[in-house]
Every structure is written in C-alpha cells, then in structure tokens.
Novice: 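Supplied in structure tokens, the structure appears directly below.
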There are 2 protein chains.
Amino acid sequence: MATAVDTEWSEHALATLQAAGLRRGGARVVVVEALAGHDCAVSPLQLDEEVPEVGRASVYRTLDQLEELGLIKRIELTPGVAAFERVEVSGHHHHHAVCRNCGRTEAFEDKALEREISRLAKQASFEITEHDVVLRGLCPRCAG
Amino acid sequence: MATAVDTEWSEHALATLQAAGLRRGGARVVVVEALAGHDCAVSPLQLDEEVPEVGRASVYRTLDQLEELGLIKRIELTPGVAAFERVEVSGHHHHHAVCRNCGRTEAFEDKALEREISRLAKQASFEITEHDVVLRGLCPRCAG
DNA sequence: ATGACTGCAAAGCCTTTGCACGCAA
DNA sequence: TTGCGTGCAAAGGCTTTGCAGTCAT
C-alpha cells in the first residue's frame with residue numbers, strides 16, 4: 001500500500017471518465033487527483049476541505065460519477081457518514097476494523113476470508129459483484 | 001428464523017432496559033414489540049410508520065438506547081439509510097446480500113465465514129466485538 | 001458555437017435537540 | 001411526589017437540486 005499518489009489509478013480514472021463521454025472538466029480532475037492521494041476511505045466533506053477551489057456540489061457530483069463507473073466504492077465506517085475508496089484495477093483491496101469509541105480504523109487483507117466470500121458469492125441467488133466486511137470493536141488505545 | 005413475533009427477545013429487551021434503570025414507558029414498549037415482529041433489518045422511518053401512536057423522536061431515542069445496550073445492531077444496507085436488527089441472545093445471526101438496483105435483500109448464514117471472521121477478530125490489534133458482511137450485486141429479478 | 005461542467009445558494013431528507021406536559025415508580 | 005419519558009416542533013448536518021455563467025470540445 002503506497003503512501004504516494006496513485007497515478008496509475010488517476011490516469012485510469014480520467015481515461016474511463018473520458019471514455020464514458022464526460023469532459024475533462026477542472027473540478028473533475030482536481031477531485032480525481034485528491035482521491036489518488038488517499039489509500040483509505042475519505043468522506044466527501046474531508047475531500048471538499050482539501051480542495052477549497054472546487055465547489056462542494058462538484059465534489060459530490062464527481063464522487064457519484066466515479067462510483068457509477070466503478071472507479072470508487074462507497075462504504076460507511078461511521079454511522080451516517082459516507083466514505084469513498086479507490087477501486088484498484090488489479091482488484092486488490094482491503095477491509096476495515098473500526099473503533100466504536102474513537103472511530104480510528106485499521107485496514108487488513110486476508111486471502112482466506114476472500115476465498116470464503118467468493119464461495120458465498122457463487123452460491124448466492126444474486127449476481128454478486130462486490131462485498132464489504134467491517135469488524136467493530138475497540139482500538140488498542142481505547143481498550144486501555 | 002421464525003416469522004412470528006419474537007417474544008423471547010422482547011422480554012429480554014424489556015428486562016434489560018429495566019435493569020439499566022430505564023422505565024417501562026409506553027412508547028418504549030411499543031417500539032420493542034414492533035422490532036420483535038421483524039426478522040430482518042428495519043429502518044427508523046419504517047418503524048415510525050408502523051407505530052403512528054409513537055412520536056418519531058421516541059422511535060429514534062428508543063433505537064439509540066437499544067443499540068447502546070446491545071439489544072439491536074445498526075447496519076446500512078442502502079446508502080444513507082440506517083436500519084436496525086434484533087441481536088439474538090443466542091448470538092445466532094445472519095448477513096445480507098443487497099441488490100444495487102432495487103434494494104431487495106436476501107439473508108444468509110455461513111459457518112465457514114464466521115470461522116474466518118473469528119480468526120481475524122482474534123489476530124487484529126483491536127478488541128473486536130461485532131462484524132458486518134454485506135454482499136452487493138443484482139438480484140435474480142434485476143439480473144434478468 | 002454548443003452544450004456539458006461548475007459554483008453558489010436554496011431545498012430536501014433523515015436525525016437530533018429543546019421544551020413543556022404526562023406518566024411510571 | 002419526583003423526575004424520567006414522550007410528543008411536537010424547531011434546529012442540525014449531510015447531500016441533492018436549480019440556475020446562470022463558464023469552459024471544454
């Protein structure tokens with residue numbers, strides 16, 4: 001998980017937007033690049049603070065479009081607060097543990113878990129395309 | 001999974017509320033009984049419609065208290081819409097598949113999945129007490 | 001030139017809060 | 001009797017929508 005800006009993703013995202021017939025508008029590009037700098041979930045309002053030059057409505061509109069195109073994924077780690085994460089082209093992804101006291105999160109990956117989930121996805125009557133796993137409890141600091 | 005009212009749960013819930021020093025107020029009892037009649041997630045507004053005699057604020061307040069006491073669990077199946085489910089004393093529970101087109105949900109249980117999750121919970125640095133798994137995709141009807 | 005894109009401000013929705021009355025204990 | 005519990009209405013917070021000007025193509 002790189003801490004640097006994910007240029008591979010942002011280029012892919014901008015290309016996909018373009019392929020979908022959307023213009024490379026200023027606000028759109030700025031939001032995509034802001035997202036490229038986050039390795040984990042960001043809320044729309046956080047993002048809006050990071051890019052004061054972009055109107056809040058445009059941040060929300062861009063997030064909608066990116067989600068629609070499968071470039072980002074929506075998750076809700078804290079009740080009532082939406083958050084978005086990049087979807088890597090590789091399919092590589094992680095899940096989260098969230099502290100119910102302070103909201104701190106920890107990301108984790110697990111192959112065995114993914115295997116069970118693919119198995120379930122296949123046996124479900126739905127055509128499953130994504131999944132979320134969230135573990136909740138107390139972080140080391142809050143558990144004292 | 002019974003389709004009848006879960007009186008075991010509602011009695012346990014009312015007893016727990018009482019043990020927590022809360023009074024057996026009219027609105028509280030009505031909301032608990034309404035919850036006892038749902039086997040899967042219900043939203044606060046749905047619940048409020050079912051019990052017109054109870055003020056909306058009381059529905060929300062009661063849900064907060066029940067969640068606080070671990071008698072119900074909050075999940076978000078649809079973006080921006082909270083939903084609550086009873087927590088069975090037995091610990092027995094299910095997860096959900098949600099249609100991203102029509103919102104229809106399907107509940108499922110899986111022992112192997114639960115095993116993987118307990119394993120992860122143990123190895124995490126957090127003290128994990130609960131977890132959610134949501135599968136998303138298209139239901140048979142929407143997948144056509 | 002043309003219509004998509006943007007920012008701003010207003011409107012919407014769900015949820016929470018304030019307050020005075022009513023009821024459980 | 002006491003103060004918790006409740007309903008109503010107002011306030012809050014996040015998100016969406018309308019509209020007129022601007023910019024990408």
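Lettering of chains follows the sequences in order, A, B, ..., and the numbering in each one begins at 1.
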Novice: Would you indicate what A:Val54 reaches in the nucleic acid, counting non-hydrogen atoms under 4.0 angstrom: base, sugar-phosphate, or nothing?
Specialist: sugar-phosphate

Novice: Nearest to the side chain of A:Arg56 - D:dT15, C:dC23, C:dA9?
Specialist: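 That would be D:dT15.
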
Novice: In whole Å, I'd like the distance from the CG atom of B:Leu17 to the P atom of D:dT6.
Specialist: 10 Å

Novice: So does A:Arg119 pair up with A:Glu116, basic N to acidic O under 4.0 Å?
Specialist: yes

Novice: Would you call A:Glu106-A:Arg104 a salt bridge at under 4.0 Å N-O?
Specialist: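 Between A:Arg104 and A:Glu106 there is no salt bridge, as every charged N stays at least 4.0 Å from the carboxylate O atoms.
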
Novice: By nearest atom, which of the nucleotides C:dT16, D:dC14, D:dC8 is closest to the A:Leu45 side chain?
Specialist: D:dC14

Novice: Distance check needed: C:dA25 C1' versus B:Leu22 CG, whole Å only.
Specialist: 13 Å

Novice: Taking the nucleotide of DNA chain C with the nearest heavy atom to each, does B:Gln18 or B:Val81 sit closer to the 5' end?
Specialist: B:Val81

Novice: Taking NZ, NE, NH1 and NH2 as the nitrogens, is one of them in B:Arg86 or B:Glu88 under 4.0 Å from a carboxylate oxygen of the other?
Specialist: yes

Novice: Return whichever of B:Pro44 or A:Ser58 has its heavy-atom-nearest nucleotide of DNA chain C closer to the 5' end.
Specialist: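 Here A:Ser58 is the residue nearer the 5' end.
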
Novice: Specify the separation, in whole Å, of atom CD of A:Glu67 and atom P of D:dT15.
Specialist: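 Atom-to-atom, A:Glu67 to D:dT15, this comes out as 12 Å.
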
Novice: Rounded to whole angstroms, how far apart are CD on A:Glu53 and P on C:dC8?
Specialist: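 Rounding to the nearest Å, CD of A:Glu53 and P of C:dC8 are 11 Å apart.
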
Novice: Of all the choices, C:dT6, D:dT2, D:dT17, which nucleotide is nearest to the side chain of B:Arg23 once you look at every atom?
Specialist: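 Nearest to the side-chain atoms of B:Arg23, counting from C-beta on, is D:dT2.
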
Novice: Hey, do the aromatic rings of B:His131 and A:His95 have their centres closer than 6.0 Å?
Specialist: no

Novice: With the side chain of B:Arg28 defined as its heavy atoms from C-beta on, choose the nearest nucleotide among C:dT6, C:dC8, D:dC4.
Specialist: D:dC4

Novice: Describe the nucleic acid contact of B:Ala57 in one word from base, sugar-phosphate, nothing, applying a heavy-atom distance below 4.0 Å.
Specialist: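 Base contact.
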
Novice: In whole Å, what is the span from the CG atom of B:Leu77 to the C1' atom of C:dC14?
Specialist: 16 Å

Novice: Looking at side-chain heavy atoms only, is the closest gap between A:Leu77 and A:Ile75 below 4.5 Å?
Specialist: yes

Novice: Within this structure, what is the CG-to-P distance between A:Asp48 and D:dG13, rounded to whole angstrom?
Specialist: 16 Å

Novice: Of all the choices, D:dT2, C:dT16, C:dT6, which nucleotide is nearest to the side chain of B:Tyr60 once you look at every atom?
Specialist: C:dT16

Novice: Between atom CG in A:Leu63 and atom P in D:dC14, what is the gap in whole Å?
Specialist: 15 Å

Novice: Looking only at the side chain of A:Ala82 (C-beta and beyond, no hydrogens), which of the listed nucleotides C:dT15, D:dC4, D:dT15 gets closest?
Specialist: D:dT15

Novice: So does A:Arg61 reach the base of C:dG7 with its side chain, donor to acceptor, closer than 3.5 Å?
Specialist: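 Answer yes: a donor N or O sits under 3.5 Å from an acceptor.
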
Novice: Let me know the distance between CD of A:Gln65 and C1' of D:dT15, rounded to the nearest Å.
Specialist: 15 Å

